[in-house]
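Counting starts at 1 for both ligands and their atoms, following the listed order. Quick note: residue numbers are just sequence positions, from 1.
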Amino acid sequence: MMHNVHHMADGAQDVARKVGALNERNIVDHAAFAAEYQVNVERFWSKVDRPSPQSCWEWSGALNKGYGQFHVGRSSSSVMLAHRIAYGLANGKLPEAVCHSCDNPRCCNPAHLFGGTRADNNLDMTRKGRHAKVKNAIRGEKHPQAKLTDTEVAAIREKYARGGATQRQLAARHGVCQRTIAKAVLGISFKNVARQWVMN
Ligand SMILES: [Zn+2]
């Protein structure tokens, strides 16, 4: 009996070791990305729960509107969304939109994240949310992490209300996540933009 218990414990440790190895293989630490964004990589991953390679890796640190957030930059003066850092560390680059295939905003598993790029790239860098300071009171396109302009949101709301496109089609066209379109058409975001076509 003692032997069996001991054997089971060894088995569990083996599984844990294998899961750990798989996790480490999934995380490609692109040093250039970490250096550019001044990310403390070890501290970052210490805040990500990784129960298995396939599961959602939920952020255990601070949240901002459901998304994990992490301080980066010199003397940790700036914040970035945790799933964007996870994507950047795994892929060595950061597209304008990083979307969740699992629809779990806290998830930082690179296997559940995919990038989108918008056709219109000649935008002010400050609007890309890179090293953006936290400014909760700012609404609409003036928000440093806004991915859409007020004009785009007005057009998206009208097109969606008239049945001209699905949320997924609008997301692809504007290079943002479907979740971003959903919040815009429901009037959860961009409260400053005319509500004539808001769907509620
Ligand atoms: Zn996930």
Side-chain angles (χ1 to χ4, degrees), residues 12-34 36-72 76 78-118 128-132 134 136 143-148 156 160 166-186 188-189:
Q13 275 178 2
D14 281 347
V15 169
R17 207 174 297 126
K18 278 177 193 158
V19 167
L22 280 168
N23 285 352
E24 295 315 315
R25 205 181 309 144
N26 285 354
I27 298 166
V28 183
D29 176 8
H30 282 271
F33 175 87
E36 183 188 350
Y37 288 85
Q38 296 180 290
V39 177
N40 183 331
V41 176
E42 202 174 319
R43 202 164 65 84
F44 175 79
W45 287 117
S46 77
K47 291 173 182 289
V48 179
D49 295 328
R50 288 172 277 161
S52 81
Q54 293 82 18
S55 66
C56 280
W57 295 0
E58 290 203 335
W59 181 251
S60 63
L63 298 177
N64 182 4
K65 292 174 184 158
Y67 293 93
Q69 65 171 26
F70 187 68
H71 284 265
V72 298
S76 299
S78 308
V79 293
M80 285 180 73
L81 296 178
H83 70 286
R84 289 177 61 79
I85 296 174
Y87 183 96
L89 291 173
N91 296 283
K93 58 184 193 292
L94 195 55
E96 190 131 5
V98 175
C99 305
H100 288 88
S101 59
C102 58
D103 208 27
N104 177 359
R106 283 173 65 182
C107 180
C108 292
N109 186 341
H112 295 185
L113 301 171
F114 63 97
T117 29
R118 47 190 305 156
K128 292 188 175 176
R130 285 181 61 173
H131 291 194
V134 188
N136 289 326
H143 191 287
Q145 292 186 344
K147 299 179 185 88
L148 299 168
I156 286 165
Y160 184 71
T166 65
Q167 289 184 9
R168 197 160 284 281
Q169 287 168 338
L170 289 164
R173 194 167 305 157
H174 291 272
V176 297
C177 307
Q178 183 261 330
R179 187 185 169 86
T180 303
I181 297 292
K183 285 196 286 190
V185 299
L186 292 170
I188 296 164
S189 61

### Task
Classify the ring geometry between Trp57 and Trp45 as parallel (under 30°), tilted (30 to 60°) or perpendicular (over 60°).
perpendicular

### Message
Suppose we screen for ring pair (Phe, Tyr, Trp, His ring centres under 6.0 Å). Which residues come up paired with Tyr87, at least two apart in sequence or across chains?
### Response
none

### Query
Looking at residues at least two apart in the chain, or sitting in another chain, which of them share a ring pair (Phe, Tyr, Trp, His ring centres under 6.0 Å) with His112?
none

### Task
Applying disulfide (SG to SG under 2.5 Å), name anything that partners Cys56, two or more places apart in sequence or on another chain.
none

### Query
Can you check side chain to side chain contact (heavy atoms under 4.5 Å, CB included) on Lys65 and Ile188, steps first, answer last?
CA-CA 11 Å; Lys65 292 174 184 158; Ile188 296 164; over 6 Å; no

### Query
Taking atom types as modelled and ignoring hydrogens, do the side chains of Arg84 and Tyr37 form a donor-acceptor contact shorter than 3.5 angstrom?
no

### Query
Can you list the protein N, O or S atoms less than 2.8 Å from the Zn ion (ligand 1)?
Cys56 SG, Cys102 SG, Cys107 SG, His112 ND1

